[in-house]
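Everything numeric in this text was worked out from a predicted model, so none of it was measured. Lettering of chains follows the sequences in order, A, B, ..., and the numbering in each one begins at 1.
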Amino acid sequence: MNLFRDVMDKELDDCDGDKMGKVDDILLELRPDGAAVVRAIVMGPGSLSPMLPSFLARLGRWIEERLLGSAADQPIEIPWEKVMSIDVVVKVDVDRHQVGATHTEEALWDRFISPLPWSRR
Amino acid sequence: MGRIGSLTLGIITAIGGFVDMGELVTCSQAGAQYHFALLWTVVVGVLGIMVYAEMAGRVAITSGRTLIDVIRERLGWRIASISMVVATLVNVLTIVIEISGMALVLQIVTGISYLWWLPVTALLIAGILWFSSFKLIENGASLLGLGILIFVVAAVKMNPPWSEVGRQLIIPSIPGGTGLSAYAFSAVSLIGAFMTPYEIYFYSSGAIEEEWTGKDFVTNRMTTIIGFTFGSLIVISMMVVAAQTFFLHGLKSASFGSIPVPVVSALGIGGLAVFAFGAFADTGGAALEASLSTGYSIAQFFGWDWGQEHNPRQAPAFVFTYLVAILVAVIIGLTGVDPIQLTIYTTALAAFSLPFTFIPLLIVANDEVYMGDMRNGFLANISSGFFLIILTIVTIATIPLFILSGGGGG
């Protein structure tokens with residue numbers, strides 16, 4: 001398997017088939033014998049920040065704090081063993097709510113969208 | 001609805017939805033200032049949008065993925081983020097000019113300044129998006145926007161020298177005594193008006209919203225070819241009637257109020273009523289599509305839930321994004337920035353931004369893993385490559401032309 005072509009940047013679906021984000025990065029572990037093994041899929045708010053220029057990362061964090069009330073300290077890591085299938089999307093055996101993948105959407109709903117009229121129709 | 005019915009509806013909506021504020025302003029000014037000498041841009045712009053919209057639809061049908069999805073998956077988040085940010089910038093400016101267009105129509109009808117109408121039109125757009133389904137948004141505004149065909153009726157009534165119109169459609173010419181940089185900047189703005197990024201993102205996401213399958217390849221091709229061809233007749237007519245009314249009498253088309261003058265002179269006050277109805281629906285439809293496109297591209301980049309078939313609880317980040325885009329747009333509009341000048345700048349910026357969308361699209365459309373047998377053929381690559389070269393020249397030339405022409409003013 002080509003990790004970059006087949007996994008990176010693909011849509012990530014949870015155990016119910018619901019969208020939970022994108023595969024933003026892949027965490028590898030270097031074993032004492034020199035072999036690299038895939039440890040986890042990295043996703044969620046904060047996962048792209050380390051790859052951005054520092055001023056953009058700071059700006060992103062500032063916007064996130066203002067909009068969501070708090071910024072994610074750490075990106076979400078989904079153990080590689082939880083990967084169920086890799087096709088057009090990457091499906092993983094976790095609940096998107098339990099791992100905090102819907103933090104951004106939930107915060108936007110609570111703070112901005114739910115107070116609007118007829119939002120709960 | 002049967003397949004023929006939906007195909008007919010697709011073609012009709014492509015015609016009705018072809019015109020927006022960009023075309024209304026740039027075509028009127030081009031006809032007034034350069035007579036028929038910029039008609040050739042219609043051929044370039046319409047063929048270009050035809051080729052790339054068909055490609056975006058084909059990619060969506062084959063891969064089941066939207067444009068931003070496939071750009072990110074195949075070319076990585078860095079390139080996808082550039083496409084997304086540039087498209088968002090142009091989309092927000094497009095929303096500003098479209099809700100301003102709606103407000104300007106209301107100004108013509110009521111005599112009350114468009115600035116008072118601006119918050120009303122923004123609220124109307126937000127309200128329609130909040131309550132309506134995708135199909136209603138896509139089809140409703142475009143069907144109502146067919147009123148803009150009044151320009152074709154006016155052109156036939158004026159009976160211009162059609163052989164000259166036909167010649168200038170194919171052979172570019174520069175009228176004597178004209179500043180070359182201003183002429184070239186007008187050409188860039190026209191091409192940007194015909195090929196706006198929101199149209200491509202909307203078309204790509206619309207194919208997924210409507211759950212197009214392999215059976216819809218014909219719908220995709222026919223909608224783009226027939227719909228856009230007939231759409232081009234409207235913009236040709238707009239330029240021709242402006243040329244016959246303003247240029248031949250040494251007049252300029254400097255305000256929004258002058259755009260329907262040729263229609264009124266050819267068809268009377270009834271023509272003005274049809275124009276107002278059609279222009280309001282067309283600019284409104286474009287505002288809806290540009291707002292949705294903003295939500296689509298950002299939500300798809302981050303992998304959030306998206307889609308007009310979701311209620312706000314199911315896709316809150318998508319809804320939040322387009323509502324913020326409309327809010328930012330109305331704030332920009334209320335600063336009192338001249339909507340006509342802003343339209344010229346926005347369409348030029350749209351032309352400047354096109355390669356950031358079209359180059360990744362072209363790469364993906366040639367990707368065998370994603371596209372299989374439906375990847376670009378020789379003809380698609382030759383034609384899209386040709387337009388990409390033109391657009392790249394346009395992108396490189398836009399900013400120097402803007403400076404040389406004194407902001408397009410000549």
Side-chain angles (χ1 to χ4, degrees), chain A residues 2 4-14 16-25 41-49 51-53 56 59-60 63-64 66-68 76 86-90 96 101-121, chain B residues 59-60 62-66 68-85 123 126-127 129-133 208 295 298-307 310-324 326-327 360 364 367-372:
Chain A
N2 182 332
F4 279 94
R5 198 191 62 196
D6 300 331
V7 182
M8 273 292 281
D9 289 301
K10 278 200 168 169
E11 180 182 313
L12 206 52
D13 285 1
D14 77 351
D16 296 321
D18 293 325
K19 286 187 180 69
M20 57 186 288
K22 296 276 186 179
V23 179
D24 292 321
D25 211 347
I41 282 172
V42 183
M43 57 94 43
S47 55
L48 292 178
S49 302
M51 295 180 267
L52 290 170
L56 274 181
L59 178 67
I63 293 172
E64 201 181 338
R66 293 293 171 284
L67 280 182
L68 310 182
I76 299 163
I86 298 169
D87 192 3
V88 178
V89 300
V90 176
R96 63 177 183 165
T102 54
H103 170 69
T104 302
E105 292 183 89
E106 290 298 331
L108 290 174
W109 165 257
D110 289 339
R111 291 168 70 93
F112 300 102
I113 305 299
S114 66
L116 296 174
W118 298 290
S119 60
R120 295 170 196 273
R121 64 187 185 275
Chain B
V59 168
T62 309
S63 65
R65 321 288 299 146
T66 65
I68 279 287
D69 277 328
V70 286
I71 291 175
R72 182 161 176 187
E73 287 169 21
R74 300 311 292 171
L75 305 173
W77 69 271
R78 286 180 177 82
I79 289 174
S81 67
I82 294 170
S83 298
M84 185 264 285
V85 169
L123 207 57
L129 290 172
W130 188 251
F131 288 111
S132 301
S133 68
I208 304 295
I298 295 175
Q300 288 158 9
F301 177 85
F302 287 109
W304 297 331
D305 282 312
W306 61 272
H310 289 35
N311 63 41
R313 180 68 188 99
Q314 293 168 316
F318 167 69
V319 172
F320 175 81
T321 313
Y322 72 62
L323 288 179
V324 168
I326 295 169
L327 182 66
V364 170
D367 190 318
E368 194 169 356
V369 176
Y370 255 67
M371 299 296 292

Check each atom of F301(B) against the heavy atoms of chain A and say whether the ones under 4.5 Å are side chain, backbone, both or neither. both
Which bit of D18(A) comes within less than 4.5 Å of chain B, counting heavy atoms only: side chain, backbone, both or neither? neither
Interatomic spacing from OG in S119(A) to CD1 in I113(A) - rounded to 0.5 Å: 8.0 Å
Does the distance from a Lys or Arg side-chain N to an Asp or Glu carboxylate O, for R313(B) and E106(A), drop under 4.0 Å? yes
Contact part of S81(B) toward chain A, heavy-atom cut-off under 4.5 Å: side chain, backbone, both or neither? neither
N311(B), part contacting chain A, at a heavy-atom distance under 4.5 Å: side chain
Give, as side chain, backbone, both or neither, the part of T104(A) having an atom under 4.5 angstrom from any heavy atom of chain B. side chain
Are D14(A) and K19(A) close enough for a salt bridge, meaning some N to O gap below 4.0 Å? no
Answer whether the closest heavy-atom distance between the side chains of W118(A) and W130(B) falls below 4.5 Å. yes
Just verifying a value: how many Å separate M84(B) CE and I79(B) CD1, rounded to the nearest 0.5 Å? 14.0 Å
With D367(B), which residues qualify under salt bridge (Lys or Arg N to Asp or Glu O under 4.0 Å), at least two apart? R74(B)
Among L12(A), D24(A), T102(A), residue most engaged with chain B (heavy-atom pairs, under 4.5 Å): D24(A)
By salt bridge (Lys or Arg N to Asp or Glu O under 4.0 Å), D9(A) pairs with (sequence neighbours left out) R72(B)
Contact winner vs chain B - R120(A), M20(A), K10(A), heavy-atom pairs under 4.5 Å: K10(A)
Whatever's closer than 4.5 Å to a heavy atom in chain B on R96(A) counts as side chain
Answer with side chain, backbone, both or neither: which region of V89(A) has an atom nearer than 4.5 Å to a non-hydrogen atom of chain B? side chain
